[in-house]
Amino acid sequence: MPELPEVEHIVRYLRPRLTGRRIEAVSVAALARPLVGRTIRDVARRAKLVLLPLDRGGTLVVHLKLTGKLWVRPAAEPPGRHARLVLRLSGEDALVLEDARRLGWARVHDDAALAAALARLGPEPLEPAFDLAALRARLHARRRSRLKPLLLDPAFVAGIGNIYADEVLFAARLHPLARAGDLAPPAARRLHAAIKRVLGRALAARTAEVPDQERVGAGGRGAARRLDLAVFQKDGQPCPRCRAALVRTVVQGRGTYLCARCQAE
DNA sequence: ACATGCACCTGGGAGC
DNA sequence: TGCTCCCAGGTGCATG
């Protein structure tokens, strides 16, 4: 499920529910020792990572990968079929990590390990520091790369995944296989504006949702039914811009959706 | 540098 | 209903 807008939404949902809570018990033995008795100081996000800094140092880091979900549920409620980690909290609640595909993870990092992990990540695309000049500098450094693999590279820019990479490229009218170094200034400007606009609008759309609604749309071809997407998993449907049929192709092994007319190579 | 393929895992939907 | 096949919103690594 989650790319930057979804993870940010989860973080905003969790923050008031977890801040100041003490961890009373942990379902996974390896995490019990560093977590039990600690208090969650805050809930933050970097790239697609959920960060729960703890009192007395250290941070619980969660990556939801493809299918992970984080919920605060009543501690008395039996955990769902895919629950992988349950933190029982002060106040009769539990933080539950569900992950059908088991690719997600939760680890406790000390401050040095956390800093090292975060240092490998590219810039936050919605931060003001990620301006046109910053993008152009990064495009130049990776000028032989194709655009979609670049957008998917966590070291190039943080938080963009397969859905929003396609949505960004459609909005910018750029072909997924175009070379970064071949972008004329107007194309680079379109790419920059599209990153900001697509992610910003997606975040606003998530914010308007009740968190439980995410359960309904998660998994499978669920994304295809999402009304806020222009091209992703909409092959065969008319392009919202020119009405030509959208097509599916494969780039870097990932399903890739585009309008071959609007996004000419 | 960059592309490609695979690895990690499991499940859901489509088609028969 | 039940099978098989295909696909899956992430990332790191190994190889050419």
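Below, read A as the first sequence line, B as the second, and so on, with proteins coming before strands; counting in each chain starts at 1.
- Remark: the A:Arg101 side chain and the C:dA8 base include a donor-acceptor N/O pair separated by less than 3.5 Å.
- Between A:Lys65 and B:dC9 there is no side-chain polar atom (N or O) within less than 4.0 angstrom of OP1 or OP2.
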**OP:** Using Watson-Crick or G-U wobble pairs with both distances under 3.5 Å, give me DNA chain B in dot-bracket, 5' to 3', with [ ] for crossers and | for pairs to another strand.
**Re:** .|||||||.|||||||
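- Checking A:Arg73, A:Arg17, A:Arg21 one by one against A:Asp93, the salt bridge (charged side-chain N to carboxylate O under 4.0 Å, His left out) holds for a single residue, A:Arg21.
- In this entry the distance linking CG of A:Asp99 with P of B:dC8 reads 16 Å, nearest Å.
- A donor-acceptor contact closer than 3.5 angstrom is absent between the side chains of A:Tyr13 and A:Glu8.
- In this structure, A:Asp182 does not pair ionically with A:Arg144, as no charged nitrogen and carboxylate oxygen lie closer than 4.0 Å.
- OP1 and OP2 of B:dA1 both lie 4.0 Å or more from every side-chain N or O belonging to A:Arg142.
- For the pair A:Glu124 and A:Arg45, the salt-bridge criterion is met [side-chain N within less than 4.0 Å of a carboxylate O].
- When the side-chain nitrogen and oxygen atoms of A:Arg144 are compared with OP1 and OP2 of B:dC2, none of them lie within a distance under 4.0 Å.
- In this model, the phosphate group of C:dT11 is approached by a side-chain N or O of A:His63 to a distance below 4.0 Å at OP1 or OP2.
- When every heavy atom of A:Leu103 is checked against every heavy atom of A:Lys65, the shortest pair comes out as O-CG, 3.2 Å.
- Of the candidate nucleotides B:dC2, C:dT11, C:dG9, C:dT11 has the atom lying nearest to any side-chain atom of A:Lys48.
- Within the nucleic acid shown, A:Phe156 has no heavy atom closer than 4.0 Å to any nucleic acid atom.
- One finds a side-chain N or O of A:Arg179 lying less than 4.0 angstrom from the OP1 or OP2 phosphate oxygen of B:dA3.
- A cation-pi geometry, defined here as NZ or CZ lying under 6.0 Å from the six-membered ring centre and within 45° of its normal, does not hold between A:Arg138 and A:Phe130.
- Per the geometry, CH2 belonging to A:Trp105 stands 9 Å off P belonging to C:dG12, to the nearest Å.
- One finds a side-chain N or O of A:Tyr257 lying less than 4.0 angstrom from the OP1 or OP2 phosphate oxygen of C:dA8.
- An OP1 or OP2 oxygen of C:dG9 is reached within less than 4.0 angstrom by a side-chain nitrogen or oxygen of A:Arg254.
- No engagement by A:Gly253 is indicated, since no non-hydrogen atom pair under 4.0 Å with the nucleic acid exists.
- C:dC6 atom P lies 12 Å from atom CZ of A:Arg248, rounded to whole Å.
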